[in-house]
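This report refers to the structure that appears directly beneath it.
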Amino acid sequence: MAQAEMLEEHRMLQELVRKFVDRELMPLEPAVLTREAGGESYSLTEAQEAPLFAKCRELGLWGLDVPESLGGANMPTVALVAVQEELGRTVTPFTFPPDSPNLHMMLAVADDYQRERYLAPYADGRMNSCVAISEPGAGGDPAGMLTKAVQDGDDWVINGRKIWVSRVPKSDFIILMARTSPGKRAEGVTAFIVDKGTPGFTIERQIQMIGGRRTYELVFEDCRVPACNVLGKVGQGYEPMQLRLNVRRLEMGARCIGIASRALEMMCVQAKQRSTFGVPLADRQAIQWWIADAATKIHACRLMVRAGAGTLDAGGDVRNEASMIKVFGTEMATEVVDHAMQTFGAMGMTKELPLQLLAQQVRVMRVYEGPTEVHRMAIAKRTLKQYG
């Protein structure tokens, strides 16, 4: 009975978020599309974010997976992926604070000082964070990580570069991955908390990405970080980072469901309204098969995401499931959005519709948090081990 009540609670949460998306975020889409079409960042302005954050506080849509001890609702992953699915339906960029993956990484390894200094205000929305993992030329292989941290008394001195880091200007601190000892792949990698404005930490450049996004290249030159800012154990930063990545990949799968669902809805409406050569598109077998395949694959992806979330909530290993979800979800959404654009014909190629922005967003998703090809390699290796 308790489980049924929790499932109903999760369903009600998803419905609440759906209404929030429809009433608060969808109306902002025209302004977002206009900015993106003009070559500007598609991020919301502070004037647009302020009332949204206030509404989140009012509705209880804040700190959804934050522990109750830190003032949150302590929702399980199975509820959170449903939230991400609804957010994926709109091109208006918005996330209920705080950034969930960084939260879980810090919850796993932060000590008492870090919990008070960083985690508590972060969980409450008073601080923002980002994570710096990738490096120029290293791609998705941690063995290529060259950023180094050397201990000097009570400090660690960091030298190196990071790239493709999101949300840097708005972040109060960065979770930085650096090599503290030689090793293969994950060995000898340590996580550090680096405060904004720390001497030796420089934002080298802003990089314009497709879909109106911005990422940043960072430089660390003799950047001194106190030993108390080592997040977790020295040389063992990869495992908590992997936890962060697994959470993010499940969220990405849920976002892909939302993206594909929005594209499918637009495709169905257009197919009913438009006729070619005197026949409604909805009566064309090609369009019908696109719709059938989209509905089937969205359903399959939703089951995969819910199963993965359930495994994570039960304390299981979701690395393989997370890789499968990222590959399947991003490729599924790519196909559905492309077919929706094709259904709209020339109108589907314009920047007046959200489809082109959805397409660009999911295209980027096939690269970050591990490229599709790397995930396929990992899935294959694990599968081969199962059969001797």
Side-chain angles (χ1 to χ4, degrees), residues 1-29 32 43-108 110 115-116 118-130 167 170-172 243-244 247-248 250-255 257-259 261-262 302 305-306 308-310 312-314:
M1 181 64 68
Q3 186 176 0
E5 293 173 357
M6 284 298 293
L7 290 174
E8 175 65 13
E9 180 184 353
H10 302 163
R11 187 197 65 76
M12 292 174 63
L13 172 64
Q14 183 173 9
E15 182 62 27
L16 178 62
V17 174
R18 173 175 282 272
K19 291 179 180 178
F20 179 88
V21 170
D22 290 339
R23 297 172 182 174
E24 308 296 336
L25 300 185
M26 291 288 190
L28 297 176
E29 282 195 345
V32 170
S43 299
L44 296 179
T45 64
E46 291 186 8
Q48 291 172 325
E49 282 187 331
L52 292 177
F53 287 152
K55 193 70 175 180
C56 287
R57 291 281 194 186
E58 176 187 336
L59 296 174
L61 297 174
W62 195 289
L64 293 176
D65 55 344
V66 172
E68 294 180 1
S69 60
L70 292 171
N74 198 32
M75 287 288 180
T77 312
V78 290
L80 299 172
V81 292
V83 169
Q84 292 297 323
E85 179 178 330
E86 297 303 329
L87 289 174
R89 294 190 299 112
T90 178
V91 296
T92 301
F94 186 79
T95 300
F96 297 123
D99 178 59
S100 178
N102 282 356
L103 171 75
H104 288 279
M105 181 177 181
M106 296 180 71
L107 282 171
R115 292 176 74 89
E116 181 179 352
Y118 298 101
L119 180 56
Y122 171 62
D124 189 47
R126 289 177 283 122
M127 296 183 79
N128 296 312
S129 76
C130 61
R167 301 189 308 275
K170 291 185 176 181
S171 296
D172 299 288
L243 171 63
R244 179 202 180 277
V247 174
R248 176 66 86 197
L250 292 180
E251 288 187 347
M252 289 173 66
R255 286 262 180 173
I257 297 168
I259 290 171
S261 297
R262 176 74 181 282
R302 183 177 288 117
V305 170
R306 289 181 180 176
L312 186 63
D313 286 336

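Just so it is clear, the model here is predicted, and its values are computed rather than measured.
For the pair V91 and E29, the tightest heavy-atom approach, listed with the atom from each and the gap, is N-OE2, 3.0 Å. Of all heavy-atom pairs spanning R167 and S129, the tightest one is NH2-O, 3.5 Å. Contact detail for M127 and D172: the closest heavy-atom pair is CA-OD2, 3.1 Å. Across D124 and R57, no two heavy atoms sit closer than the pair O-NH2, 2.9 Å. Nearest heavy-atom pair across R23 and P27 is O-CG, 3.3 Å. When all heavy atoms of S43 and P93 are compared, the closest pair comes out as CA-CG, 3.9 Å.
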**Message:** I'd like to know whether E251 forms a side-chain contact (heavy atoms from CB on, under 4.5 Å) with L80, so could you lay out the CA-CA distance, the side-chain angles of the two residues, the decisive distance to 0.1 Å, and finally the verdict.
**Reply:** CA-CA 8 Å; E251 288 187 347; L80 299 172; 5.6 Å; no
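Classification of D22 and R262 as a salt-bridged pair fails, no side-chain N sitting under 4.0 Å from a carboxylate O. With respect to K170 and E49, a salt bridge is recorded, a charged nitrogen being found less than 4.0 Å from a carboxylate O. Taking 4.0 Å as the cut-off between side-chain N and carboxylate O, R302 and E85 count as a salt-bridged pair.
The side-chain contact (heavy atoms from CB on, under 4.5 Å) test applied to A123 returns V66, L70, L103, not counting sequence neighbours.
For the atom pair CZ (F20) and CE (M26), the distance works out to 12.0 Å, reported to the nearest 0.5 Å. The line from CG of L52 to CZ of F94 is 5.0 Å long, rounded to the nearest 0.5 Å. Taking CG from N102 and OH from Y122, the interatomic distance works out to 4.5 Å, rounded to the nearest 0.5 Å. Annotation: the span from M105 atom CE to L119 atom CG amounts to 12.5 Å, rounded to 0.5 Å. The CD atom of E86 sits 9.5 Å away from the CZ atom of F96 when rounded to the nearest 0.5 Å.
The side-chain heavy atoms of P51 and E24, taken from C-beta on, include no pair separated by under 4.5 Å. A heavy-atom distance below 4.5 Å is found between the side chains of L87 and R255. Between R115 and M106 the shortest side-chain heavy-atom distance does not fall below 4.5 Å. By the 4.5 Å heavy-atom criterion applied to side chains, H10 and V78 are counted as neighbours.
Applying the side chain to side chain donor-acceptor pair (under 3.5 Å) definition to pairs two or more places apart or across chains, those involving residues 69-80 are T77-D313. Evaluation of the ring pair (Phe, Tyr, Trp, His ring centres under 6.0 Å) test over residues 61-82, restricted to residues two or more places apart or in two chains, returns F53-W62.
Formation of a donor-acceptor pair under 3.5 Å by the T90 side chain with backbone atoms of T92 is found in this model.
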